Every structure is written in C-alpha cells, then in structure tokens.
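Below is one structure, written out as structure tokens, with a few remarks after it.
Just so you know, residue 1 is the first one in the sequence shown, and it goes up from there. Model, not experiment: these values are computed from the prediction.
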Amino acid sequence: MKVSFGFGCIASLILLASYPVLTILTEATPAVADDTGVIRKVVLLDLWERGNGFRLSPEVTQITVVDNYAIAQWFWDNSTGETVVINQNNQWHAIASTQTPFTPSTLASYGIPHQMARQLINRDRANPSTPSEQPPVANIFTPVLPQLQQQTDTLILLPSQMPKFKQRIYVNSFRSPHTYSIALRLKQNCNGIPDCTVGAFSATPVNPNYSPSDGFIKKIPLTNNIWGYFTPSRCQGFCTPSVIEWVWRDTHYRIALKGMGTDVNQAEAMMVNIANSAIEAGPR
C-alpha cells in the first residue's frame with residue numbers, strides 16, 4: 001500500500017503514529033552495495049512526494065544504518081527532521097518522517113524490535129568521535145542496564161570505569177519514559193536514611209528555568225565540547241556528595257558520589273573522569 005499526502009507547511013509533517021504496522025510511503029527501491037546512496041534516494045523521494053509547494057530541495061545530512069534499519073536526518077526549508085527506513089526483501093522503504101526525534105518506543109510501535117530500535121537510536125545520536133567499539137559499562141551497572149534500556153526512551157549515559165567501593169553496594173534503578181535514576185546504596189532497603197546512599201546517576205528532561213545557583217558550583221569543560229558544573233562535597237553535621245552535571249541533547253545528566261576525598265581538586269578530577277567516561281562511551 002502506498003500512502004501519500006500533501007501539506008502546506010512543514011508543521012504538518014507528522015509521525016504516522018496511527019499505523020501500528022509498517023506502512024510503505026514510497027516505491028520500493030532495490031538495495032545495492034551502496035546502501036547509503038539508495039537510502040538517500042528513498043528519503044528524498046518520500047519527502048518530495050509529501051512536500052507539495054516547497055520552494056527548496058530537501059537535503060539528507062546524515063544516515064545511520066544498523067542491519068536492515070536506518071535513520072536519515074534531513075534539512076528542508078529551514079526545518080530539520082528525520083525519516084526511518086527499513087529493508088524488506090532486499091528493498092528499502094521509508095516508513096515514517098517526523099520533525100520530533102524518534103524514540104525507541106516510537107520505532108518499536110512500527111514493528112522494529114525494541115533492542116534494535118535502541119541500538120539504532122543510540123548510534124544515530126552518538127557523537128561522531130564516539131568509538132565504533134563501545135567500551136562495556138562499569139560492572140556495577142550491569143544488573144540494571146537492561147531494565148533501563150527497555151523502560152526508558154532517554155539516552156543512557158553511564159561510565160565504563162568507576163572507583164572501587166570498600167563495602168558492598170546495592171544498585172536500584174527507577175525509570176519512566178523520559179527519565180531514569182540509579183541509586184547506589186549500602187543496604188538493599190535504606191528506608192530513607194541519607195547516609196545509606198553513597199551515589200546516584202540520573203537523567204531528566206532539561207528544565208528551561210534551571211540555572212546553577214549554588215555559590216560553590218564551578219563551571220568546567222568536559223569532553224566533546226560539553227560544559228559541566230561541579231559542586232564539591234561539604235560537611236556540616238553530615239556530608240553532601242560531590243556532584244557533576246551537564247546538559248546533552250535536551251537532557252540534564254547528574255552524577256552524585258560520596259567518598260571522593262577531602263581534597264577538592266582531587267575530587268573534581270575524579271568526578272570529571274567519571275563524567276567523561278560516560279560521555280565518551282556514548283549512549284548505552
């Protein structure tokens with residue numbers, strides 16, 4: 001089945017969420033050795049077919065391919081968007097286009113296996129400098145990572161290396177479609193005891209009204225041209241954790257850890273290394 005529709009403005013280019021199955025939007029194009037060239041052609045035909053009245057030609061700016069699936073980023077008439085493409089029976093088809101970035105859940109609604117959807121999104125969103133061979137996540141996060149990958153659409157940034165803890169650490173995760181939080185605790189159930197939690201990793205949507213207000217916060221450069229904010233630990237009756245946080249792709253990432261030592265410079269260096277390890281590894 002071939003679906004075609006016109007629109008008078010770019011805002012009408014919407015995700016076809018009402019179709020739970022794969023819907024072919026363009027004529028099938030046989031797959032050849034140069035898949036990126038074929039995918040670019042399929043995407044441009046798809047955009048042209050649905051872009052009645054546009055003055056400028058669309059431009060495909062990036063193509064990410066994982067097995068039989070691909071995401072193409074495009075620029076058109078001062079607007080950006082992306083198209084998901086699938087290879088069926090050795091032919092590439094455009095499935096849907098949107099100006100809002102796809103999420104693993106959205107791609108899964110089109111019949112793409114969730115694990116493959118996550119892998120495709122992660123690779124597409126990763127910084128170009130991210131190594132093709134992604135380093136494994138630090139062992140402490142291994143038990144909770146599969147749950148996060150299945151139950152949140154947020155890009156997951158976790159380090160490959162972590163400092164060693166002298167005591168056994170229990171790891172609990174909390175997740176929603178747009179957030180996640182990982183708590184590192186000394187007991188399985190802390191019952192709200194502050195001293196029982198030794199660390200936390202979280203990701204939440206960016207609050208447009210947020211700005212660092214603590215006078216102890218220090219702005220520091222992180223890897224991949226990202227700016228972070230470091231807050232040292234302070235002890236007044238009880239000790240607060242060292243904190244490092246940054247914003248990437250409209251998400252606020254935060255790491256809080258106790259036991260980084262009393263030397264502020266040393267604690268800062270350790271927190272920066274952990275944050276850089278998470279950023280450089282790319283989305284999990």
Side-chain angles (χ1 to χ4, degrees), residues 1-5 13-47 49-50 58 60-74 80-127 130 132-134 137 144-158 175-180 203 249-251 281-284:
M1 178 176 65
K2 180 178 178 182
V3 179
S4 176
F5 56 93
L13 183 59
I14 59 173
L15 186 67
L16 304 180
S18 60
Y19 291 83
V21 296
L22 300 178
T23 306
I24 300 174
L25 300 178
T26 64
E27 294 293 344
T29 304
V32 295
D34 182 11
D35 281 348
T36 58
V38 174
I39 293 169
R40 178 174 282 102
K41 177 182 177 182
V42 168
V43 171
L44 291 176
L45 286 174
D46 171 46
L47 293 174
E49 195 168 81
R50 294 182 291 107
V60 176
T61 57
Q62 176 180 307
I63 296 175
T64 301
V65 183
V66 178
D67 294 341
N68 290 321
Y69 306 93
I71 289 180
Q73 304 289 338
W74 45 261
T80 59
E82 52 192 48
T83 299
V84 62
V85 187
I86 185 172
N87 186 347
Q88 290 179 313
N89 300 321
N90 205 35
Q91 294 178 323
W92 288 99
H93 309 281
I95 303 306
S97 293
T98 177
Q99 285 183 275
T100 304
F102 288 112
T103 66
S105 295
T106 303
L107 296 186
S109 71
Y110 287 92
I112 299 176
H114 196 282
Q115 184 176 359
M116 176 60 66
R118 165 71 68 176
Q119 184 178 353
L120 182 61
I121 293 289
N122 284 352
R123 190 172 299 181
D124 179 75
R125 308 302 192 243
N127 189 285
T130 300
S132 56
E133 292 294 330
Q134 187 179 45
V137 70
V144 298
L145 182 57
Q147 297 172 335
L148 296 179
Q149 292 172 329
Q150 288 291 325
Q151 298 178 16
T152 183
D153 283 332
T154 302
L155 296 175
I156 302 168
L157 295 184
L158 293 174
R175 56 266 173 204
S176 72
H178 306 296
T179 67
Y180 70 79
R249 290 191 176 272
D250 296 324
T251 301
R284 302 288 182 177

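By the side-chain contact (heavy atoms from CB on, under 4.5 Å) test, Ala203 is found to be paired with Thr154, Tyr180, Thr251, Tyr253, residues two or more places apart in sequence or in another chain being considered. Under the side-chain hydrogen bond (donor to acceptor under 3.5 Å, both in side chains) criterion, Gln119 pairs with no residue, sequence neighbours left out. Remark: Leu44 engages Arg40, Pro58, Val60 in a side-chain contact (heavy atoms from CB on, under 4.5 Å) (not counting sequence neighbours). By the side-chain hydrogen bond (donor to acceptor under 3.5 Å, both in side chains) test, Ser105 pairs with Asp153, sequence neighbours left out. Partners of Pro113 by side-chain contact (heavy atoms from CB on, under 4.5 Å), not counting sequence neighbours, listed by chain and number: Tyr69, Met116. A search for side-chain hydrogen bond (donor to acceptor under 3.5 Å, both in side chains) contacts involving Arg175 returns Gln151, Ser173, not counting sequence neighbours. Residues that satisfy the side-chain hydrogen bond (donor to acceptor under 3.5 Å, both in side chains) test with Thr179, not counting sequence neighbours, are Ser176. Arg125 meets the salt bridge (Lys or Arg N to Asp or Glu O under 4.0 Å) test with Glu82; sequence neighbours excluded.
Shown here for Ile63 and Thr36, the closest heavy-atom pair between the two residues is CD1-O, 3.4 Å. Of all non-hydrogen atoms in Ala281 and Arg284, the two that sit nearest each other are CB-NH2, 3.2 Å. Smallest separation of non-hydrogen atoms from Ala117 and Pro104: CB-O, 3.7 Å. Looking at every heavy atom in both residues, Val42 comes nearest to Ala94 through CG1-N, 3.6 Å.
Considering only heavy atoms from C-beta on, Gln149 stays 4.5 Å or farther from His114 through its side chain. Side-chain contact check for Thr64 versus Leu120: some heavy-atom pair is nearer than 4.5 Å. Taking the side chain as every heavy atom from C-beta outward, Phe102 and Val84 approach each other to under 4.5 Å. Trp92 has its side chain within reach of Val65: a pair of non-hydrogen atoms, C-beta onward, lies under 4.5 Å apart. When side chains are defined from C-beta on, Asn87 does not count as touching Asp67, because their heavy atoms never get closer than 4.5 Å.
Residue Asp46 holds its CG atom at 9.5 Å from CD1 of Ile95, rounded to the nearest 0.5 Å. The line from NE2 of His178 to OG1 of Thr152 is 8.0 Å long, rounded to the nearest 0.5 Å. Of the inter-residue distances, the one linking Leu148 atom CG with Ile156 atom CD1 reads 5.0 Å to the nearest 0.5 angstrom. In this structure, the separation between OG1 on Thr106 and CD1 on Ile112 is 10.0 Å, given to the nearest 0.5 Å.
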*Kindly indicate, with the supporting measurements, whether the criterion side-chain contact (heavy atoms from CB on, under 4.5 Å) is fulfilled by Thr61 and Thr80.*
CA-CA 10 Å; Thr61 57; Thr80 59; over 6 Å; no

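Applying the salt bridge (charged side-chain N to carboxylate O under 4.0 Å, His left out) test to every pair with at least one member in residues 110-124, sequence neighbours left out, gives no pairs at all.
Side chain of Thr83 to main chain of Ala72: no donor-acceptor pair is present (N/O by atom type, distance under 3.5 Å, no hydrogens or angles). Not a single donor-acceptor pair under 3.5 Å links the side chain of Gln88 to the backbone N or O of Asn68.
Within a 6.0 Å sphere centred on CD of Gln62, heavy atoms belonging to other residues, nucleotides or ligands number more than 12.
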